[in-house]
S.K.: 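This is the structure I want to talk about, given as structure tokens.
When a ligand or atom number is given, it counts from 1 through the structure's own listing order. Here, residue 1 is the first one in the sequence, and each next residue gets the next number. Keep in mind that what you see is a predicted model, and the values were worked out from it rather than measured.
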Amino acid sequence: MLACIKTENGKVEMMDLPVPEPADGEIVIKMTMATVCGTDMHFLDEFPSAVLEFTYPGNLKPEGLPMGHEAVGIVHAVGPGVTRFQPGDRVISSCLVGCGKCHECMTVDHSMCTGTGGRVGRVLFGCQAEYYRVPFAEVNVAKVPDGVSDEHAVLATDILSTGFGAIDRAEAGFGDSVAIFAQGPLGLCATAGARARGCGLIIAVDAVPERLEMSKKLGANIVINAKEKDAAAEIMSLTGDVGVDVAVEAVGTQATFEACTKVVRRGGTVSSIGVYGLSPQISMPTAVPSFLYRNIVTTLCPSGHDRMEHLLAMLENGSVDLTALFTHRLKLADAPKAFDLFRSKTEGVLKIAITP
Ligand SMILES: [Zn+2]
Ligand SMILES: [Zn+2]
């Protein structure tokens with residue numbers, strides 16, 4: 001089968017590999033659509049073995065890493081012990097797979113699983129291939145209703161769950177004010193989540209005009225181009241110098257994290273979902289009034305079949321429509337081009353649908 005593999009830092013190649021076989025508790029899925037995500041770029045460009053060991057125990061090396069963790073497909077083969085799925089079922093898997101049995105799976109979230117030997121849930125590598133394997137399938141896989149498109153199903157595996165997670169974990173609700181820093185695909189999902197939760201004022205910040213246009217479509221009341229204006233000063237002015245109830249950091253940079261701490265009101269919450277990479281590490285000034293009496297919550301993609309089933313219900317019934325996030329379509333054989341395009345942030349690119 002055709003698979004997209006990292007061959008060295010910054011480089012992927014298409015390779016011909018054997019179709020995987022499911023072991024105990026696993027299923028193998030025939031991919032019908034996959035996509036590239038910001039986290040793929042961290043794995044491609046910078047994360048060394050130490051970080052892989054953190055998220056995928058078992059000595060996976062940066063060279064030879066099977067790429068991709070967001071996809072939808074049809075069950076091809078079912079391993080021993082799997083009873084919830086049959087070949088032919090249309091399914092998705094969470095991008096972080098949990099064992100379903102450890103303390104973190106039972107009390108925190110499957111994304112924080114320690115039962116697979118790592119320190120956070122295991123990343124589902126290898127979705128940018130004709131077939132991919134999912135461990136602990138009973139815990140991590142959900143059936144996709146007929147009324148949900150492949151595009152929508154793919155989003156429920158990661159960025160929709162993560163973007164909405166920024167809003168739920170900050171407990172933003174009816175009438176609350178929310179500022180969201182960065183309107184890449186993840187930040188746009190947070191914007192749509194703030195709208196779905198009934199927030200009163202949704203302010204979206206980015207430097208790319210096409211992304212700000214999309215924010216308006218997905219629910220932002222006000223957009224700020226960070227190239228033209230000092231976004232933090234503008235948000236303070238829009239809120240009468242009080243600040244917003246919730247400030248979401250959705251890209252993973254020092255500057256946007258700091259901006260969130262500056263615009264959140266006393267008693268408010270900074271909700272961080274960006275993936276920061278190896279550097280810079282975040283820090284914040286503490287000898288300033290904006291340090292005191294704030295909440296900071298961080299979230300990694302809330303995972304597991306129940307979470308995805310809730311998101312799929314919203315998509316199936318039209319409570320949220322994110323189809324517009326898919327701006328480009330490419331064949332699997334051209335997956336390396338998808339990485340170049342995604343990295344360039346040109347041509348208005350948001351999500352790229354990759355099909356066999
Ligand atoms: Zn992702
Ligand atoms: Zn677990």
Side-chain angles (χ1 to χ4, degrees), residues 4 6 12 25-26 31 33-47 51-52 54-58 65-72 92-129 132 134-141 151-166 182 184-190 250-252 273-277 299-308 311 322 325-326 335 338-339 342-343 349-354:
C4 182
K6 172 175 172 175
V12 290
E26 296 184 346
M31 183 271 280
M33 185 179 288
T35 187
V36 178
C37 161
T39 306
D40 287 316
M41 305 312 291
H42 287 299
F43 282 116
L44 177 59
D45 290 341
E46 57 172 332
F47 282 170
V51 175
L52 289 177
F54 196 82
T55 56
Y56 195 125
L65 185 67
M67 297 302 294
H69 58 267
E70 300 179 6
V72 54
I92 52 175
S93 167
S94 285
C95 66
L96 284 159
V97 288
C99 71
K101 290 182 182 160
C102 70
H103 181 73
E104 285 71 18
C105 278
M106 299 295 280
T107 63
V108 186
D109 190 86
H110 294 102
S111 62
M112 290 290 106
C113 178
T114 55
T116 62
R119 287 157 60 195
V120 299
R122 172 168 156 182
V123 176
L124 181 74
F125 287 109
C127 295
Q128 290 162 11
Y132 60 102
V134 182
F136 308 106
E138 301 269 319
V139 177
N140 300 298
V141 176
E151 287 82 349
H152 267 161
V154 165
L155 294 176
T157 65
D158 183 358
I159 65 165
L160 177 57
S161 186
T162 310
F164 275 37
L186 181 58
L188 287 163
C189 286
V251 64
I273 47 171
V275 174
Y276 290 86
T299 306
L300 201 60
C301 180
S303 297
H305 69 83
D306 183 62
R307 170 71 172 182
M308 292 186 295
L311 297 170
L322 295 164
L325 288 185
F326 281 86
F339 278 89
F342 193 83
R343 186 189 281 110
V349 66
L350 289 168
K351 284 306 248 186
I352 304 165
I354 297 173

S.K.: Output, in order, the C-alpha distance, side-chain angles, deciding distance and verdict of side-chain hydrogen bond (donor to acceptor under 3.5 Å, both in side chains) for E104 and T114.
M.R.: CA-CA 7 Å; E104 285 71 18; T114 55; 2.7 Å; yes

S.K.: What angle sits at the Zn ion (ligand 2) between SG of C113 and SG of C102, to 10°?
M.R.: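 Approximately 110° at the metal, rounded to tens of degrees.
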
S.K.: If the test is side chain to side chain contact (heavy atoms under 4.5 Å, CB included), which one of C301, S94, S303 qualifies with D109?
M.R.: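 Testing D109 for a side chain to side chain contact (heavy atoms under 4.5 Å, CB included) against C301, S94, S303 leaves exactly one candidate, S303.
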
S.K.: So which of H69, E70, M67 actually passes side chain to side chain contact (heavy atoms under 4.5 Å, CB included) with Q128?
M.R.: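 Of the listed residues H69, E70, M67, the side chain to side chain contact (heavy atoms under 4.5 Å, CB included) partner of Q128 is M67.
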
S.K.: Indicate if the distance from the Zn ion (ligand 2) to the nearest N, O or S atom of H110 falls below 2.8 Å.
M.R.: no

S.K.: Any donor-acceptor pair under 3.5 Å linking the side chain of K351 with the backbone of V36?
M.R.: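 Between the backbone of V36 and the side chain of K351 there is a qualifying donor-acceptor contact (under 3.5 Å).
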
S.K.: Could you tell me the angle subtended at the Zn ion (ligand 1) by NE2 of H69 and OE2 of E70, rounded to 10°?
M.R.: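 It rounds to 110°.
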
S.K.: Has C37 got an N/O/S atom less than 2.8 Å from the Zn ion (ligand 1)?
M.R.: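 Coordinating: yes.
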
S.K.: State whether the side chain of H42 and the backbone N or O of V275 hold a donor-acceptor pair below 3.5 Å, judged by distance alone.
M.R.: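 Side chain of H42 to backbone of V275, a donor-acceptor pair under 3.5 Å: yes, one is there.
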
S.K.: With a cut-off of 2.8 Å, does D158 place any N/O/S atom under that distance from the Zn ion (ligand 1)?
M.R.: yes

S.K.: Please state whether the separation between the Zn ion (ligand 2) and some N/O/S atom of C99 is under 2.8 Å?
M.R.: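 Within the cut-off used here (under 2.8 Å), C99 does place an N, O or S atom near the Zn ion (ligand 2).
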
